[in-house]
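Here the structure comes first, spelled out in structure tokens, and everything after it is commentary.
The chains referred to below are lettered A, B, ... by the order of the sequence lines, with proteins before strands, and numbering in each begins at 1. Computed over heavy atoms, backbone and side chain alike; hydrogens, waters and symmetry mates excluded.
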There are 2 protein chains.
Amino acid sequence: MRAKKVKTELRREQIIQAALDLIGIQGIQALSIVGIAERVGIVPSALYRHFKNKEEVLDGVLMLIKKRVLGNIAHVKKKTSDPLEQLQCLLIRQTRMLSENRAIPHVVFSDGVYTGPPDRKAKVAEIMAAFLAGIQDIITEGQQMGTIRGDVIPFAASVMFLGMIMPAAVISNVSEGIVDIPAHAETVWPMFLRCISNEKKDQDHN
Amino acid sequence: MRAKKVKTELRREQIIQAALDLIGIQGIQALSIVGIAERVGIVPSALYRHFKNKEEVLDGVLMLIKKRVLGNIAHVKKKTSDPLEQLQCLLIRQTRMLSENRAIPHVVFSDGVYTGPPDRKAKVAEIMAAFLAGIQDIITEGQQMGTIRGDVIPFAASVMFLGMIMPAAVISNVSEGIVDIPAHAETVWPMFLRCISNEKKDQDHN
DNA sequence: CTAAATAGTGAATTGTGAATCACTAATCCA
DNA sequence: TGGATTAGTGATTCACAATTCACTATTTAG
């Protein structure tokens with residue numbers, strides 16, 4: 001049966017979304033043109049009307065992920081002006097996003113990143129760098145406002161922030177969801193807070 | 001030229017080591033029987049004298065990694081009896097191991113883990129679980145001795161410990177070693193210490 | 001020293017997945 | 001309405017990687 005004709009613009013989005021879904025289900029390694037086409041409802045060769053090759057599809061996936069990740073940071077910055085609150089909110093959003101969208105860790109950790117053309121690696125690096133930079137911004141601001149300890153090194157702290165999210169995602173993937181990522185985030189947050197916040201000794205009583 | 005005959009026992013080790021090396025260089029995805037055989041100095045088909053198939057080679061690699069990771073924990077426990085010191089020492093060893101042996105993150109984070117036969121996933125899960133369990137042990141002991149806060153949840157803390165290592169390894173891989181993992185570990189350790197240690201308020205202020 | 005056994009070889013088989021192409025059907029627009 | 005453009009199709013090509021296999025060279029034991 002012949003598929004309905006759809007304008008390239010839209011098909012591209014469908015294809016990228018399909019690829020993202022499939023990655024979430026089976027990982028990048030198993031991602032095939034045939035699989036994507038099937039999911040979109042067209043024949044494999046039709047896909048080449050919209051993308052030059054598989055690599056270009058992957059590029060699209062990366063751009064989408066970048067948009068979502070950075071979108072979270074932007075959203076959080078609008079929501080409140082308290083850096084610590086921003087971080088907590090970001091943690092929650094990010095973990096929710098990961099647990100709903102398992103494709104992201106697959107893409108970021110995939111060793112295809114290392115195998116593929118070098119610019120793919122660079123793109124992943126850029127996404128991570130942008131994410132870390134956003135967090136460092138927040139931390140620096142918190143330091144200026146005095147709610148975050150001055151002796152915290154923003155870069156190190158941003159990597160540690162990532163460290164609350166990344167292992168949880170990996171463990172959750174590997175262990176078939178035994179770990180509830182958002183729940184874990186809630187548990188870890190107070191610990192992280194203790195790392196960086198500038199509590200003046202006596203304030204913490206619950 | 002014909003390769004020297006070597007006893008299976010030894011060849012198996014050579015093959016596993018070659019696979020580990022190659023994974024470190026090009027990632028799991030690009031790992032091929034041809035590549036391994038070449039590196040060992042035999043012809044591809046010869047490899048099948050020693051392993052049933054590629055999957056079995058991967059199994060061997062996983063076992064080797066497990067041995068090394070758990071070996072680090074055992075070593076650290078022998079070295080000192082102070083839990084906090086054990087953790088710091090473990091952090092140092094583990095990061096050194098990762099920066100020398102880039103294959104490990106490739107294997108553990110590879111999405112091939114999700115694609116491959118389900119028991120491969122289970123094996124990776126087991127390695128991570130064993131590692132986390134080791135850390136939890138140390139933490140629990142620290143709590144009994146009073147040097148680690150009682151309100152710390154061992155599992156959460158162990159994941160966070162992993163969080164000091166894992167993101168650093170990934171960033172280092174992606175960014176072509178811009179981040180020096182062991183150096184980063186040194187930076188982050190004091191922060192982690194603040195998370196879990198039971199300093200009685202007034203001892204460290206600068 | 002010789003015959004199992006053990007390990008290594010190259011050719012052939014098989015499977016898979018990406019990409020190309022000539023062709024067809026739908027849509028656009030003048 | 002009718003030609004040009006755009007998107008979809010199926011057959012096919014190409015490359016590559018995992019195995020298998022009949023055969024050969026080398027050890028090792030009796």
Side-chain angles (χ1 to χ4, degrees), chain A residues 1-19 21-23 25-62 106 110-117 119-120, chain B residues 1-19 21-23 25-61 106 110-112 114-117 119-120:
Chain A
M1 183 195 13
R2 184 164 266 253
K4 266 281 157 61
K5 268 182 100 161
V6 169
K7 280 215 288 269
T8 276
E9 199 69 4
L10 179 54
R11 267 286 189 251
R12 282 181 65 99
E13 283 172 24
Q14 293 178 347
I15 289 169
I16 289 173
Q17 185 58 51
D21 294 345
L22 283 177
I23 292 171
I25 296 168
Q26 349 150 297
I28 269 198
Q29 188 163 90
L31 184 70
S32 73
I33 296 291
V34 175
I36 299 173
E38 215 162 70
R39 185 165 245 260
V40 172
I42 58 179
V43 108
S45 58
L47 192 147
Y48 289 88
R49 291 270 170 244
H50 313 291
F51 290 90
K52 186 168 150 285
N53 52 31
K54 190 178 172 181
E55 191 56 31
E56 224 183 70
V57 177
L58 262 302
D59 270 7
V61 171
L62 278 183
H106 280 277
S110 137
D111 65 357
V113 169
Y114 313 105
T115 306
D119 46 310
R120 189 143 121 227
Chain B
M1 183 196 14
R2 184 165 267 254
K4 269 279 157 67
K5 268 181 101 160
V6 169
K7 279 214 289 268
T8 276
E9 199 68 3
L10 179 54
R11 268 284 190 252
R12 283 180 65 98
E13 282 172 24
Q14 292 177 347
I15 289 169
I16 290 174
Q17 185 58 51
D21 294 345
L22 283 177
I23 291 171
I25 296 169
Q26 349 150 297
I28 271 197
Q29 188 162 85
L31 185 71
S32 73
I33 297 291
V34 175
I36 298 172
E38 215 162 69
R39 186 166 245 261
V40 172
I42 57 179
V43 107
S45 58
L47 192 145
Y48 289 85
R49 292 266 171 250
H50 315 290
F51 290 89
K52 185 168 151 285
N53 52 31
K54 192 176 172 181
E55 191 56 31
E56 223 183 73
V57 178
L58 263 300
D59 271 5
V61 171
H106 280 277
S110 140
D111 64 357
Y114 313 106
T115 306
D119 46 309
R120 189 144 119 227

Taking the side chain as every heavy atom from C-beta outward, state whether [X] and [Y] have any pair of such atoms under 4.5 Å apart.
X	Y	result
I33(A)	F51(A)	no
V40(A)	H50(A)	no
L31(A)	L58(A)	yes
V57(B)	L47(B)	yes

Item checked: Residue pairs involving residues 46-57 of chain B (criterion salt bridge (Lys or Arg N to Asp or Glu O under 4.0 Å); sequence neighbours excluded) -> R12(B)-E56(B), E55(B)-R120(B)

Anything under 3.5 Å between a protein N or O and an N or O of nucleotides 27-30 of chain C, put it in a table, one pair a line.
none

Notebook entry, point to check: Heavy atom of residues 29-40 of chain B under 4.0 Å from DNA chain C: which residues?
Noted result: none

Item checked: Stretch residues 46-59 of chain B: residues that reach within less than 4.0 Å of DNA chain C through a heavy atom -> A46(B), R49(B), H50(B)

Note to self: Suppose we screen for ring-ring contact (aromatic ring centres under 6.0 Å, His included). Which residues come up paired with H106(B), at least two apart in sequence or across chains?
What the structure shows: Y114(A)

Could you give the distance from [atom1] ([X]) to [atom2] ([Y]), rounded to the nearest 0.5 Å?
X	Y	atom1	atom2	answer
T8(A)	Q14(A)	OG1	CD	10.5 Å
L10(B)	I15(B)	CG	CD1	9.5 Å
R2(A)	I42(A)	CZ	CD1	12.0 Å

Can you see which heavy atom on [X] is nearest to which on [Y], and at what distance?
X	Y	result
A19(B)	V61(B)	CB-CG2, 3.8 Å
G41(B)	A3(B)	O-CB, 3.4 Å
A18(A)	I36(A)	CB-CG2, 4.2 Å

Check: Of all the nucleotides listed (dT20(C), dG8(C), dA25(C)), which has the minimum atom distance to the side chain of R2(A)?
Finding: dA25(C)

Check: Reading DNA chain D 5' to 3', which nucleotide is the first, and which the last, to come under 4.0 Å of any heavy atom in chain A?
Finding: dT6(D) to dG10(D)

